[in-house]
Amino acid sequence: MFVYPSGVDVSSSALRFLAVRLKEHRRALGTRWRRLNAGRQALCTLAHLRNGQPYAQLAAGFGIGTTTAYRYITEAVNLLAALAPTLAEAVRAASTKAYVILDGTLLPIDRIAADRPFYSGKHKKHGMNVQVIADPKGRLMWASPALAGAVHDIRAAREHGIIEVLAKANISCWADKGYQGAGGTVRLPYRGRWDSLSTGQQAVNRSHAKIRALVEQAIATLKSWRLLRKLRCSTTRITNLVQAVLVLQLTATG
């Protein structure tokens, strides 16, 4: 396998943050020596998450075995995931905002037709449902644990307790028609054919769409980490990958 120099378009603050956390983790474990120092392990992890490079390619580039690359990356991902903000913490941060925007996204996975629980009828593909909360400027604030792609957005929001927590904190939330019947403080557009809506209802829906569209920026931010565009790992690991990316993104923009 040929090895060549490459780059990772990630903030240096994210690299430093992860390297420091890894150093602290190694110190706590009493680790004396490893094939890669904490900085190189952090870089290897970022290359995997950001560029979606497989373990074999990273192993060749960093001069380590494929198993070692997998172990180093998994260790770093789990460490980051443990630092992810909870929903309660995200809502506390949102209390200073005028409102938040809620939407769900599907992270594609490689599954066969028999895996019906992971098949999203809306997107016509297999994947995992992740709920995303953004601030009024479309910045990513929180991402939920991943559920099977067959789970609808409203059900996912209820399972995560998003609607209840936002209502308790009295935070207005803008969402699309997929959250019909949510109640609480969730604001939805008027239902029905466009030509059947009154002029006032059409104006409300136009305004609602402009506000809600900003959540797409948060979703795009999440999926700028290329590993999440097509996941080829066990579905049990996807939540940790999402939470790790969330922490890195918040660190880079915080």
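Values below: every heavy atom of this structure, side chains too, minus hydrogens, waters and symmetry copies. When a residue number appears, it is its place in the shown sequence, counting from 1.
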**Message:** I'd like to know whether L80 forms a side chain to side chain contact (heavy atoms under 4.5 Å, CB included) with V245, so could you lay out the CA-CA distance, the side-chain angles of the two residues, the decisive distance to 0.1 Å, and finally the verdict.
**Reply:** CA-CA 8 Å; L80 286 170; V245 166; over 6 Å; no
Give the minimum heavy-atom separation between [X] and [Y], together with the two atoms involved.
X    : Y    : result
K97  : P136 : CB-CD, 4.0 Å
A252 : S13  : CA-OG, 3.8 Å
Y55  : A69  : O-CB, 4.0 Å
A14  : T251 : CA-CG2, 4.3 Å
G7   : N51  : O-ND2, 3.3 Å
A98  : S172 : O-CB, 4.4 Å

**Asked** Taking only residues two or more places apart in sequence or in another chain, which ones pass side-chain hydrogen bond (donor to acceptor under 3.5 Å, both in side chains) with K177?
**Response** none
**Request:** Would you check, one step at a time, whether the test side chain to side chain contact (heavy atoms under 4.5 Å, CB included) holds for D110 with L231?
**Result:** CA-CA 7 Å; D110 58 342; L231 290 153; over 6 Å; no
**Asked** How about S12 and R16: does a side-chain donor come under 3.5 Å of a side-chain acceptor?
**Response**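 Judged by distance alone, the side chains do pair up.
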**Message:** Looking only at the side chains, is there a donor atom on one of K125 and S120 sitting less than 3.5 Å from an acceptor on the other?
**Reply:** no
**Request:** Take H126 and Y119 through the test ring pair (Phe, Tyr, Trp, His ring centres under 6.0 Å) and record every step on the way to the result.
**Result:** CA-CA 4 Å; H126 294 83; Y119 184 79; 5.2 Å; yes
Indicate yes or no for a side-chain donor-acceptor contact from [X] to the backbone of [Y] under 3.5 Å, with no hydrogens or angles considered.
X    : Y    : result
H208 : R187 : yes
Y72  : T67  : no
S207 : V204 : no
K124 : G121 : yes
T74  : Y70  : yes
T66  : A56  : no
Q202 : W194 : yes
R158 : I163 : no
E216 : A213 : no

**Prompt:** Has R50 got its NZ or CZ under 6.0 Å from the middle of the six-membered ring of W225, at an angle within 45 degrees of the ring axis?
**Reply:** yes
**Prompt:** Of the options V215, D103, I211, T185, which is the one that meets W174 in a side chain to side chain contact (heavy atoms under 4.5 Å, CB included)?
**Reply:** I211
**Request:** Could you point out which residue of T239, N129, V242 forms a side chain to side chain contact (heavy atoms under 4.5 Å, CB included) with P145?
**Result:**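 For P145, the side chain to side chain contact (heavy atoms under 4.5 Å, CB included) check succeeds only for T239.
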**Message:** Let's go through E24 and R21 carefully: what are the C-alpha distance in whole Å and the side-chain angles of both, what is the deciding distance for salt bridge (charged side-chain N to carboxylate O under 4.0 Å, His left out) to 0.1 Å, and is it a yes or a no?
**Reply:** CA-CA 5 Å; E24 293 172 349; R21 300 290 87 76; 3.2 Å; yes
Taking the side chain as everything from C-beta on, heavy atoms only, tell me whether [X] gets closer than 4.5 Å to [Y].
X    : Y    : answer
D176 : L188 : no
C233 : L241 : yes
M128 : L106 : no
V132 : W142 : no
L246 : Q243 : yes
L227 : H48  : yes
I109 : R232 : no
F62  : Q41  : no

**Prompt:** Is V151 isolated, or which residues cluster with it under the ILVMFWY side-chain rule of less than 4.5 Å, directly or via members?
**Reply:**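 Grouped by the 4.5 Å side-chain rule, L147 form the rest of the cluster around V151.
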**Message:** To the closest 0.5 Å, what do you measure between CZ (R139) and CG (L250)?
**Reply:** 11.0 Å
**Nearest-0.5 Å distance, OG of residue S11 to CG of residue L248** = 10.0 Å
**Request:** Show your reasoning for whether side chain to side chain contact (heavy atoms under 4.5 Å, CB included) applies to L15 and L46.
**Result:** CA-CA 8 Å; L15 177 62; L46 292 179; 3.8 Å; yes
**Message:** Between E164 and K168, does any NZ, NE, NH1 or NH2 come within less than 4.0 Å of an OD or OE carboxylate oxygen?
**Reply:**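 Looking at K168 and E164, the cut-off is not met.
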**Test: R26 and E75 ion pair at under 4.0 Å** =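 No, this pair does not count.
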Determine whether more than 12 heavy atoms belonging to other residues, nucleotides or ligands lie under 6.0 Å from atom [atom1] of [X].
X    : atom1 : answer
K23  : NZ    : no
Y99  : OH    : yes
D9   : CG    : yes
R191 : CZ    : no

**Request:** Dump the intermediate steps for side chain to side chain contact (heavy atoms under 4.5 Å, CB included) on C173 and I101, then the final yes or no.
**Result:** CA-CA 5 Å; C173 173; I101 315 170; over 6 Å; no
**Message:** Does K137 form a salt bridge (charged side-chain N to carboxylate O under 4.0 Å, His left out) with D135? I'd like the steps, not just the answer.
**Reply:** CA-CA 5 Å; K137 294 184 178 180; D135 70 7; over 6 Å; no
